[in-house]
Amino acid sequence: MDQSKASMETLTLARRFGGPVHSVRIDAIEPFAPDAVAAILALVADNLNASAVFAAGTDRGNDVMARLAARTGQPFAANCVDAEPGSPVSVTRFRWGGSLLESALLHSPRPLITVAPNTFSAEAEPAPIEVDVKPFVAQLDETDLVVRVSDHIDTAGGRVSLAEAKVVVSGGRGVGSKEGFAIIEELAGLLGAAVGCSRVVTSAGWRPHTDQVGQTGTKIAPDLYIACGISGATQHMAGCKAAKRILAINSDAEAPIMLNADYAVVGDLREIVPAISAELRKSR
Amino acid sequence: MRVLVCVKRVPFTGGKMVLAADSMALETKHLGFTISPHEECGVEEAVRLIEANGGESVVLTLGPAEAVEQLRDAMALGIDRAIHLRTDGSEWDPDATAAVIVDAIRTDESATGLFDLIVFGSESADSGGYQVGLRVAHALGRPAVTGLKGVKPEGGSVRCEQEVEGGRDVYVVPMPAVVTVKEGLNLPRYPSVPGRMRAGRKPVATSAPARPAARLELVRLVVPPGQGRRAEVLGSGAAAAPAVVDMLRKIGVV
Ligand SMILES: Cc1cc2nc3c(=O)[nH]c(=O)nc-3n(C[C@H](O)[C@H](O)[C@H](O)COP(=O)(O)OP(=O)(O)OC[C@H]3O[C@@H](n4cnc5c(N)ncnc54)[C@H](O)[C@@H]3O)c2cc1C
C-alpha cells in the first residue's frame with residue numbers, strides 16, 4: 001500500500017470535520033508496538049480535545065484504532081468510504097471487502113474512523129497545511145510494550161510479487177488441477193506477470209494461499225488481470241476490481257465475470273491459454 | 001493447553017449481492033452458510049494445537065439458532081465442545097458482540113480454568129469490523145496480536161507471525177493471550193464421516209444474552225454501483241489468440 005496516498009485520503013476526509021487537523025505517525029514507536037501507539041493516540045486526543053480520530057484502513061491503522069476504541073470504550077467504524085460530521089456521525093463503510101456498503105450511525109463523543117484504502121479520492125491539490133511540530137513526551141506503561149515486533153522475516157524471493165505486479169495471470173476451478181497451472185505459469189512467464197488464483201484453487205491445495213486474489217486473499221490493482229476459468233464471485237472480484245483492465249477466459253459466456261471484464265474470450269482455457277502463449281512467441 | 005476459538009456464521013454469497021426487502025440484510029433464501037474463512041483457519045489451528053499438546057478446544061459463536069450448524073461443523077473437525085450465544089438474528093455491533101463474549105468467557109473460565117489462547121478471525125467476512133478480538137483482549141487484560149499467518153506456542157509464550165509488505169513481523173507474547181488470524185494460516189481439513197457423527201453428540205451450552213443498544217448502528221445496506229464494464233468479446237477458442245495479442249499490444253502490455 002502506498003502509505004502517503006492512504007494518508008492523503010485520510011486527511012481529505014478528516015478535513016470535513018473542521019478545525020485544525022493534527023497527526024500522529026502510526027509508526028511513532030519503533031519497533032512497532034500497537035498498544036503503545038494507541039496509548040499515545042489516546043493521550044494526544046485528550047490533550048487536544050480532538051473531535052474525531054481518523055487513520056488509514058491499513059492493517060496497522062485498523063489494529064491501532066481498535067485498541068484505542070477498546071481502551072477508551074468508544075465505538076469504531078473501520079474501512080469507511082465516507083463520513084459526515086454531526087451527532088451522531090453518519091458513515092458509509094465497507095462490508096464484504098467492499099462488495100457491499102453499509103450506511104451507519106456512529107454514536108460517540110469522539111468518533112473513531114478508518115478510511116478504506118484506494119477508494120476515497122483524495123483532494124487533487126490538498127490545501128497547504130501549517131506544520132506545527134510539538135515535541136510530545138509520553139509516559140508509556142510497561143504493559144503497553146508487551147506486544148511489540150521483535151523480529152522480521154524476509155520472504156520476498158526474486159519472484160514478481162502478486163501485490164505489485166503490473167500483469168497478473170490467474171486461474172480458477174476451470175484450470176482443473178495443480179498440473180493444469182503449467183500453462184498459466186507459461187503465459188505469466190512470457191508476460192513478466194505474477195500468477196494468481198481463486199479460493200477454490202487454494203482450498204484444493206493446487207496453489208499456496210499467497211497466490212489467492214480476493215477478499216480473504218491479496219487485493220491487487222494491476223494494469224491487466226487475466227482471469228482464466230474463474231466465475232467472478234463477489235469475494236473474488238473484491239480483490240481484483242481495482243485492475244485497470246480485466247480479460248476473462250471462460251467457457252461460459254454468461255459467467256458473472258463477463259459483467260466485470262473489459263475483454264473476453266469464450267471457450268476452453270486449456271486450448272486458449274497455450275494458443276496465446278504460442279502467438280506471443282511467434283511475434284517476438 | 002486450552003484453546004477457545006470464536007467464529008461467525010455468514011452467508012456464502014455468489015456472483016451478485018442481493019438485498020432483502022428492508023435493505024437491512026442480504027437476501028439469503030437461496031444461499032448456504034459457512035464459518036467466516038479466517039475463523040475456519042482458527043478452528044483448524046485450535047484442533048492442531050490440541051492434537052499436538054493435549055488439552056481442550058472450545059468453539060464459541062454469537063448468532064441465530066441456525067448457527068449451531070457452524071458449531072457442529074467446527075466440532076466435526078475436532079473441537080471438543082461449544083458455547084452458543086443465541087440471538088434473534090438481528091445485527092449486533094462489534095462493541096456489544098465483544099461485551100457478551102467477554103461475559104461468556106469469564107463464566108466458562110471460572111468453571112474450567114483460563115484459556116491459554118483465544119482465537120478470533122482478523123475480521124468477519126460480512127461486517128468486517130476489525131475489532132472484536134482486540135476489545136475482548138482489552139477487557140480481559142491479555143496481550144493481543146492481529147492478522148496472523150503463524151501461531152506457535154513456545155513454553156509459556158506464543159510466537160506470532162504477521163504478514164507485512166516484503167515478509168513477516170514476529171511478536172512473542174506471554175500466554176494467556178488473544179490472537180486474530182487470517183486465511184492462509186493453514187489449510188483446513190475436510191470433516192470425516194466419523195467426525196460428523198461424533199460432533200452430533202458433543203455438548204453445546206446455549207444462552208440468550210440481551211442485546212445492548214448499538215453505538216455503530218446499521219441504517220441500511222447498499223449494493224455499490226457496478227463498474228459498468230461489459231466485456232468486448234475478442235473471439236472464441238484458440239482462434240482468438242491473435243486478437244488477444246493485438247489487444248495486449250494496444251494496451252502496451254507487450
Ligand atoms: C467469506 C468468503 C470469502 C471468500 N474469499 C474469496 C477470495 O478471497 N478469493 C476467491 O477467489 N474466492 C473467495 N471466496 C469464494 C468465492 O465465493 C467463490 O467460491 C470462488 O471465487 C470461486 O472460484 P472459481 O471462480 O475458481 O470457481 P467456480 O465458481 O466454480 O468457477 C469456475 C469457472 O470456470 C469456468 N470453467 C470451467 N472449466 C473451464 C475450462 N475448461 N475453460 C474455461 N473456463 C472453464 C466455469 O465456467 C466457471 O465460470 C470467498 C467466499 C466466502 C464465503
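Sequence lines set the chain letters: A, B, ... in the order given, protein chains first and strands last, and positions in each chain run from 1.
Within the 4.5 angstrom heavy-atom criterion, atoms from both the backbone and the side chain of A:L100 approach chain B. When heavy atoms are compared at a cutoff of 4.5 Å, A:S231 does not approach chain B at all. Heavy atoms of A:K244 lying under 4.5 Å from chain B belong exclusively to its backbone. With a 4.5 Å cut-off on non-hydrogen atoms, A:R148 touches chain B through its backbone but not through its side chain. Residue A:R199 touches chain B through its side chain alone, counting heavy-atom pairs closer than 4.5 Å. For a residue to count as touching a neighbouring chain, one of its non-hydrogen atoms must lie under 4.5 Å from one of that chain's; by this rule B:L187 touches chain A with the side chain only.
For B:E123 and A:R93, the salt-bridge test fails: no basic side-chain N is under 4.0 Å from an acidic carboxylate O.
Here the OG1-CG distance, from B:T146 to A:N62, works out to 9.0 Å after rounding to the nearest 0.5 Å.
Between chain B and the options A:V147, A:L106, A:V91, heavy-atom pairs under 4.5 Å are most frequent for A:V147. Interface remark: of the candidates A:Q74, A:E271, A:K282, A:H236, A:Q74 forms the most heavy-atom pairs closer than 4.5 Å to chain B.
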**Request:** Any chance you could lay out the side chain to side chain contact (heavy atoms under 4.5 Å, CB included) test for A:W96 and B:V10, step after step, and finish with the verdict?
**Result:** CA-CA 10 Å; A:W96 291 96; B:V10 298; 4.1 Å; yes
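When each of B:L234, B:V244, B:V233 is checked for a side-chain contact (heavy atoms from CB on, under 4.5 Å) with A:Y263, only B:L234 meets the rule.
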